[in-house]
A.B. asks: 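This is the structure I want to talk about, given as structure tokens.
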Amino acid sequence: MPTFQAPRGTTDRLPPEQKYWRYIESKAMDVARRFGYGRIDSPMFEDAGLFVRGVGEGTDIVEKEMYIFEDRGGDMLTLRAEGTAPVCRAYLQHGMQNQAQPVRMYYICPVFRYERPQAGRFRQHHQFGIEAIGDPDPSVDAEVIELAWTFTHDIGLSDITLVTNSIGDPECRPEYIRSLKSYYEKQQTHICQDCKGRLERNPLRLLDCKVETCRALGEEAPKSTECLCADCDTHWNRVQSYLDAMGIANRVDHRLVRGLDYYTRTVFEIQPAVEGAQSTILGGGRYDGLIEQLGGRHTPGIGFGSGIERLALNVQRAGVDVPDEPSPQYLIATIGEEARVEGVRLANSMRAIGVGAILANGGRALRGQMRQANALEVSSVLILGEDEVRDGTVMVRDMATSSQEAITTEAFLTGLRSG
RNA sequence: GCGAGCAUAGCCAAGUGGUCGAAGGCGCCUGUCUGUGGCACAGGAGAUCACGGGUUCGAAUCCCGUUGCUCGCCCCA
């Protein structure tokens, strides 16, 4: 064991894995561009109260998963525990209610939660997320879901399912929760120990219990979509008809509820086909009460978050053909100290005009330097020895064809400049 | 927070009490080829066998503790 290791639940992302991230991030940025979402980067830590007020005091995230600390000035801060609350905070702080609504923003950033790590779950993970704030219209729900669906397909995932539900709003949800509770209270003897606690603390979560008998009960439980008030019902039906119009198939699952308190009306997730507990790759919903909760005027909003580690895992599993990071183009091999100086000078000139060049390990024989070129998969090697230094030339060897020719250094650089 | 499994070089790993001053493979370095890669061959470097304690004449191997990792539950991306 080395003296120091990356902290539990964190990982080093090494060069060979970078291509997956570059791929996913570039697809994310491109889909955001097409839908008119602008990037926002918020701080990695925030006032602890932001998450307590936003996400909800009773949630697991706030209760036991936040990285919370007091800084040297005595402020209570929290490493970003989720993506939506900071964006809403920024919306308020910068007076974005004065922009054309909705304000569309996306982010790619790390998220921190103190959890036991396992497959697809980390203490520091990364999310691509979007938020559309300031418009209650169901077409925005449909747009956000369309963006999610487009994005997951753009990165090459096709064996995935979109699951949707509506959990109502403050007007109709209390009534729904009452009927849910009374249904489960009659089944007291059949539900698991955890669910007995949920009955008091968070009745909605009774629905997504994994225990077999509880699952069966959940199937038969009252459905939130059947208890919606008139406004929520209209909203829900419109979202569904817009999704229909776009041909986006979704499975309505009345057991889909989400763990953050701020959700209202539309909630949705995208799940891959593979079995496994940590399978959800994207999840979101509407949060019409959140901005008010954070001290602003009543402002509707909707968005989603998507875990990049889980996306990368699924991209690899699906065998998606991800383009390789470009390998360096030129390696400069030198023989002897005089040539070494020329090599340093040449590399400097090449880099100055924007061409990639790396100097071979000079302590090695030419043979060893060539082996290095091969290992690095460079396309060409520039060889500098006594002859080249004397003649002011460079030997350009094409590694694919094994052909080489000497040309003057000046001509070589001119060739590079002209492309 | 709860439960289970695992821990031998950078990576994969053999080994289940003495023949281990630890096999093999990948990777790395050198040479065969004194200025030329991929292949082959030869050689080399690299391991407090996670850490601490115990049992034993003897421990990588058995026992206990610690730490770490992995997987599952909870929850979530």
Side-chain angles (χ1 to χ4, degrees), chain A residues 1-11 14 16 24 55 58-65 81-84 108-129 148 152 192-195 197-198 201-202 205 208-211 257-260 269-272 275-284 303-314 331 333-336 339 360-361 363-389 395-404 406:
Chain A
M1 272 312 116
T3 310
F4 294 111
Q5 319 182 40
R8 188 164 170 72
T10 68
T11 52
L14 304 174
I24 290 167
V55 179
T59 58
D60 277 15
I61 290 181
V62 168
E63 229 171 46
K64 48 191 189 192
E65 295 177 358
E82 60 97 48
T84 301
I108 297 173
C109 64
V111 172
F112 304 86
R113 290 179 202 159
Y114 187 85
E115 306 184 86
R116 288 286 295 264
Q118 57 186 274
R121 202 177 71 185
F122 308 90
R123 289 185 172 178
Q124 176 181 356
H125 77 279
H126 298 76
Q127 290 193 15
F128 161 53
T152 44
C192 70
Q193 203 55 42
D194 285 340
C195 279
R198 292 189 182 109
R201 293 191 32 197
N202 198 345
R205 300 219 67 90
D208 66 353
C209 182
K210 310 283 190 306
V211 177
V257 295
R258 297 188 45 80
L260 287 63
E269 285 185 2
I270 293 180
Q271 295 160 355
E275 294 291 313
Q278 271 66 51
S279 58
T280 301
I281 55 175
L282 182 152
F304 69 73
S306 181
I308 299 181
E309 284 80 358
R310 290 186 189 175
L311 291 170
L313 187 68
N314 280 280
L331 179 128
T334 63
I335 307 148
N361 182 334
R364 300 164 76 167
L366 181 60
R367 170 184 198 70
Q369 299 183 55
M370 292 302 292
R371 278 184 174 156
Q372 192 186 357
N374 198 60
L376 292 172
E377 298 182 317
V378 299
S379 36
S380 305
V381 176
L382 307 176
I383 301 167
L384 291 168
E386 249 177 77
D387 300 347
E388 288 77 12
V389 171
M395 184 67 78
V396 182
R397 182 178 179 84
D398 183 300
M399 293 299 278
T401 62
S402 295
S403 60
Q404 64 184 39

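Values below: all heavy atoms of this structure, side chains included; hydrogens, waters and symmetry mates excluded. Chain A is the first sequence line, chain B the second, and so forth, proteins listed ahead of strands; every chain is numbered from 1.
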A.B. asks: At 4.0 Å (heavy atoms only), tell me whether A:Ile335 reaches a base, stays on the sugar-phosphate, or touches nothing.
C.D. replies: base
A.B. asks: When rounded to the nearest Å, what value does the distance between P atoms of B:A4 and B:U56 take?
C.D. replies: 30 Å
A.B. asks: Do the side chain of A:Arg116 and the base of B:G3 come within less than 3.5 angstrom through a donor-acceptor pair of N or O atoms?
C.D. replies: yes
A.B. asks: Taking CG from A:Leu366 and C1' from B:C33, how many angstroms apart are they, rounded to a whole number?
C.D. replies: 11 Å
A.B. asks: So what does A:Phe304 hit on the nucleic acid, given a heavy-atom distance under 4.0 Å: a base, only sugar-phosphate, or nothing?
C.D. replies: nothing
A.B. asks: Counting the atoms with a prime plus P, OP1 and OP2 as sugar-phosphate, which does A:Glu386 contact under 4.0 Å by heavy atoms, base, sugar-phosphate, or nothing?
C.D. replies: base
A.B. asks: Whether A:Arg397 contacts B:G35 is assessed here as follows: a side-chain N or O lying under 4.0 Å from the phosphate OP1 or OP2. Is that the case?
C.D. replies: no
A.B. asks: From B:A77, B:U30, B:C73, pick the nucleotide closest to the side chain of A:Arg371?
C.D. replies: B:U30
A.B. asks: For A:Glu65 and B:C73, what is the distance between atoms CD and C1' respectively, to the nearest whole Å?
C.D. replies: 13 Å
A.B. asks: Please work out if A:Gln372 contacts a base, only the sugar-phosphate, or nothing of the nucleic acid, heavy-atom cut-off 4.0 Å.
C.D. replies: nothing
A.B. asks: Taking the nucleotide of RNA chain B with the closest heavy atom to each, which residue, A:Ile281 or A:Tyr114, is nearer the 5' end?
C.D. replies: A:Tyr114
A.B. asks: Does A:Asn374 reach a base, just sugar-phosphate, or nothing at all? Heavy atoms under 4.0 Å.
C.D. replies: base
A.B. asks: Between A:Thr401 and A:Pro117, which residue's closest nucleotide on RNA chain B lies nearer the 5′ terminus?
C.D. replies: A:Thr401
A.B. asks: Test for a donor-acceptor pair under 3.5 Å between the base of B:U36 and the side chain of A:Gln404, counting only N and O atoms.
C.D. replies: yes
A.B. asks: Could you state the NE2-P distance from A:His125 to B:C75, rounded to the nearest angstrom?
C.D. replies: 17 Å
A.B. asks: B:C76 C1' sits how many Å from A:Leu311 CG, rounded?
C.D. replies: 14 Å
A.B. asks: Looking only at side-chain atoms of A:Arg367, point me to the closest of B:C29, B:A40, B:C76.
C.D. replies: B:A40
A.B. asks: Regarding A:Arg113, tell me which of base, sugar-phosphate or nothing describes its non-hydrogen contacts under 4.0 Å with the strands shown.
C.D. replies: base
A.B. asks: Does A:Glu388 make a side-chain donor-acceptor contact with the base of B:G35, cut-off 3.5 Å?
C.D. replies: yes
